[in-house]
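To keep things clear, I will list the structure first and then write my remarks on it.
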2 protein chains.
Amino acid sequence: MSVAVENFVKAIYKNGKRDNNDTKPGNIAKELGISNAAATDMAKKLALKDLLHYQKYQELKLTDKGTKMALNVVRKHRLWEALLFKLFDLSLHDIHREAELLEHQTSDLLANKISEYLGNPKFDPHGDPIPNSDGEITTIDTSITLSNTEEGKTYIISRLMSDDKEFFDFCGQHGLKYGNTVLVSKQFSKNKMTQILIKNNTILLNEDFTSIIYVNEQD
Amino acid sequence: MSVAVENFVKAIYKNGKRDNNDTKPGNIAKELGISNAAATDMAKKLALKDLLHYQKYQELKLTDKGTKMALNVVRKHRLWEALLFKLFDLSLHDIHREAELLEHQTSDLLANKISEYLGNPKFDPHGDPIPNSDGEITTIDTSITLSNTEEGKTYIISRLMSDDKEFFDFCGQHGLKYGNTVLVSKQFSKNKMTQILIKNNTILLNEDFTSIIYVNEQD
DNA sequence: ATAAATATTTAAGCTTACTTAAAAATATTT
DNA sequence: AAATATTTTTAAGTAAGCTTAAATATTTAT
């Protein structure tokens, strides 16, 4: 399927997941930066391909086939984000932009290889869940925030749930990266600060940060 | 520029480098799997964009601008091949296919990051040169074959110059991979065998293999 | 409930990147 | 050098994925 089609079903999927939940052509058009007319047109075509249900003036509803396609694209997007984030020193914004293009040119085989390489992660660097190759999404997150960790234990960073540039700059400077290992050397119950050892450096974090950094206990 | 345009200039560039050297529309068409008419059509359009010189019934000649574009695509292709080869256990054939798609969706920024990550390699896993960001190609290869190495020294694998599947299967099994480090433990002048230490394993190679494995001395 | 505002749909048209078929030029063979 | 074969070009047409403008339906506000 084409890039346009993949982006179309992805936009419906994402809009459907959101609070507003509006999947009428106009909203999808806005998301994709195309005209309403083009969205209606595409919707009719995709209905013929059994990717969505189309009824005039109604919300667009993905079929199972359409949902599967959307999840497959989302999977590839988030796997690319995770890989690029791990390998390169790039801003999350840049990473998102690259992944937006690469997601459409990635075979299932390559996606699986990326996933395997990363240890089949369940979440991308934003903390968004990565669908598995069957399109299943893990909603139960076993990770905990850094503020809820125990002294002396070692953890692996699993989510950096933020869109804040400054936070990510800080993370970049101190090796706080998806997949990296941290040792919690001290938890200060008084002022809710956490002292961690990462990459041979001791750093002190306040609750603003420890509450958005998610980790998993190392096996 | 579009994928079609990028592939078109790339095909001219590659055909121009080959022995036959035929860059008439028919040959480019064959390379790309499109009709002769489509190739002529495209040639006229690209001439207007100053990417090539077009004269009826003559060979297509890339302009400087066109050559630059072709080299940029080739660079991205080969960087992707090098990266995928390093990271994943995929056949060179699969890697080529993935790179063929990814090359068109890769920003210059990402290309530079990949290059940097790999240590700015001058050759891809096939042994083909990787143009730098200015489109310059290193033709002088400082690497030597494994058969010409010295005992006791450590080298980094720089080229595996083969298209043979069995050779690459062997390489995969023994960690003979682009970028990996080998210690030459013994050179047998008599039967031209080479004993190397790689990934904590000692293996013995005959000249068939040591003459197509290129390495650089470790600094 | 009706008028005004907004959204959707239809219709006509554009560009890109192809196709096939026929005409024109070039290359090859004898 | 002429005849034949091949290649290139032109011409006409198609599908995808858009656009704008106008018609139609729905939603919101009064």
Side-chain angles (χ1 to χ4, degrees), chain A residues 1-13 15-16 18-62 65-66 69-70 73 100-101 103-105, chain B residues 1-13 15-16 18-62 65-66 69-70 73 100-101 103-105:
Chain A
M1 284 294 162
S2 71
V3 173
V5 171
E6 287 187 351
N7 279 331
F8 201 85
V9 295
K10 192 178 83 169
I12 297 172
Y13 177 79
N15 264 31
R18 286 216 198 88
D19 31 7
N20 61 16
N21 210 47
D22 183 348
T23 59
K24 284 185 187 161
N27 227 332
I28 305 303
K30 202 182 291 172
E31 176 100 10
L32 296 173
I34 61 176
S35 68
N36 287 7
T40 300
D41 223 55
M42 183 63 100
K44 283 200 219 161
K45 276 182 192 164
L46 298 196
L48 293 174
K49 290 184 177 172
D50 192 34
L51 288 168
L52 52 80
H53 299 294
Y54 174 70
Q55 278 186 280
K56 275 189 185 185
Y57 305 105
Q58 302 304 118
E59 310 259 330
L60 305 176
K61 309 268 189 204
L62 291 177
K65 193 177 160 192
M69 179 184 284
V73 178
E100 204 71 10
L101 299 176
E103 64 186 14
H104 305 292
Q105 309 300 151
Chain B
M1 283 295 162
S2 71
V3 173
V5 170
E6 287 188 351
N7 278 331
F8 201 84
V9 295
K10 191 178 84 168
I12 297 171
Y13 177 80
N15 265 28
R18 287 216 197 88
D19 31 7
N20 60 18
N21 210 46
D22 183 349
T23 59
K24 284 185 190 160
N27 227 331
I28 305 303
K30 203 184 289 170
E31 175 100 10
L32 296 173
I34 59 176
S35 69
N36 287 7
T40 300
D41 224 56
M42 183 63 101
K44 284 199 221 163
K45 277 183 192 163
L46 298 196
L48 294 174
K49 292 184 176 171
D50 192 34
L51 289 168
L52 51 82
H53 299 294
Y54 174 70
Q55 278 185 278
K56 275 189 183 183
Y57 305 105
Q58 301 304 120
E59 309 260 329
L60 304 176
K61 309 269 189 204
L62 290 177
K65 192 177 160 192
M69 180 184 283
V73 178
E100 204 70 11
L101 299 176
E103 64 185 13
H104 305 291
Q105 310 299 151

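These numbers come from a predicted model, not from an experiment. So you know, we letter chains A, B, ... as the sequences are listed, proteins then strands, and number each from 1. No hydrogens, no waters, no symmetry mates; every other heavy atom, side chains included, goes into these values.
Counting only heavy atoms from C-beta outward, the side chains of B/V5 and B/S2 approach each other to under 4.5 Å. Put simply, the side chain of B/K49 reaches to within 4.5 Å of the side chain of B/M1, judged on heavy atoms. Looking only at side-chain heavy atoms (C-beta outward), A/L46 and A/V9 come within less than 4.5 Å of each other. Side chains of A/H53 and A/L60 form no contact here, defined as non-hydrogen atoms less than 4.5 Å apart. Looking only at side-chain heavy atoms (C-beta outward), A/L52 and A/F8 come within less than 4.5 Å of each other. Looking only at side-chain heavy atoms (C-beta outward), B/M69 and B/L51 come within less than 4.5 Å of each other.
We find that CG of B/N27 is positioned 13 Å from C1' of D/dT6, with the value rounded to whole Å. The distance from atom CG of B/D22 to atom P of D/dT6 is 16 Å, rounded to the nearest whole Å. The nearest whole Å value for the distance from the CD1 atom in A/I28 to the C1' atom in C/dT9 is 16 Å. Atom CE in B/M42 sits roughly 14 Å away from atom C1' in C/dT19 (whole-Å rounding).
Scanning residues 43-53 of chain A for heavy-atom distances under 4.0 Å to DNA chain C yields A/K44. Using a 4.0 Å cutoff on non-hydrogen atoms, the parts of residues 1-10 of chain B near DNA chain C are B/S2, B/A4, ordered by number.
Residues passing the side chain to side chain contact (heavy atoms under 4.5 Å, CB included) test with B/K30: none are found, sequence neighbours excluded. Contacts of A/K44 classified as side chain to side chain contact (heavy atoms under 4.5 Å, CB included), with partners at least two apart in sequence or in another chain: A/T40, A/Y54. With sequence neighbours excluded, the residues that form a side chain to side chain contact (heavy atoms under 4.5 Å, CB included) with B/E31 are B/A11, B/N15, B/R18. Residues that satisfy the side chain to side chain donor-acceptor pair (under 3.5 Å) test with A/N7, not counting sequence neighbours, are A/H104. The side chain to side chain donor-acceptor pair (under 3.5 Å) test applied to B/Q105 returns no partner, not counting sequence neighbours. Scored by the side chain to side chain contact (heavy atoms under 4.5 Å, CB included) test, B/K45 finds B/D41 as partners (sequence neighbours excluded).
Residues A/A38 and B/T40 both approach DNA chain D. Their nearest nucleotides, taken by heavy-atom distance, put B/T40 toward the 5′ side.
In terms of phosphate contacts, B/N36 brings no side-chain nitrogen or oxygen within less than 4.0 Å of OP1 or OP2 of D/dT7.
Once rounded to the nearest 0.5 Å, the distance linking CD1 of A/I12 with NZ of A/K24 reads 14.0 Å. Summarising the geometry, atom CG belonging to B/D50 is positioned 5.5 Å from atom NZ belonging to B/K65; distances are rounded to the nearest 0.5 Å. Considering CD1 of B/I28 and CD1 of B/I34, their distance stands at 9.0 Å, rounded to 0.5 Å.
Where DNA chain C pairs in unbroken runs of 3 or more (Watson-Crick or G-U, both distances under 3.5 Å), the stems are C:1-30 with D:1-30.
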Dump the pairs, protein N or O against N or O of nucleotides 25-27 of chain C, anything under 3.5 Å, distances to one decimal.
| residue | atom | partner | partner atom | Å |
| --- | --- | --- | --- | --- |
| C/dA25 | O4' | B/Y57 | OH | 3.2 |

Between N or O atoms, less than 3.5 Å apart, protein on one side and nucleotides 12-14 of chain D on the other: list the pairs.
none

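A/A39 comes within 4.0 angstrom of no nucleic acid atom, judged by non-hydrogen atoms across all strands.
For the salt bridge (charged side-chain N to carboxylate O under 4.0 Å, His left out) condition, the pairs that include at least one residue of residues 2-13 of chain A, sequence neighbours left out, are A/K10-A/E100, A/K10-A/E103.
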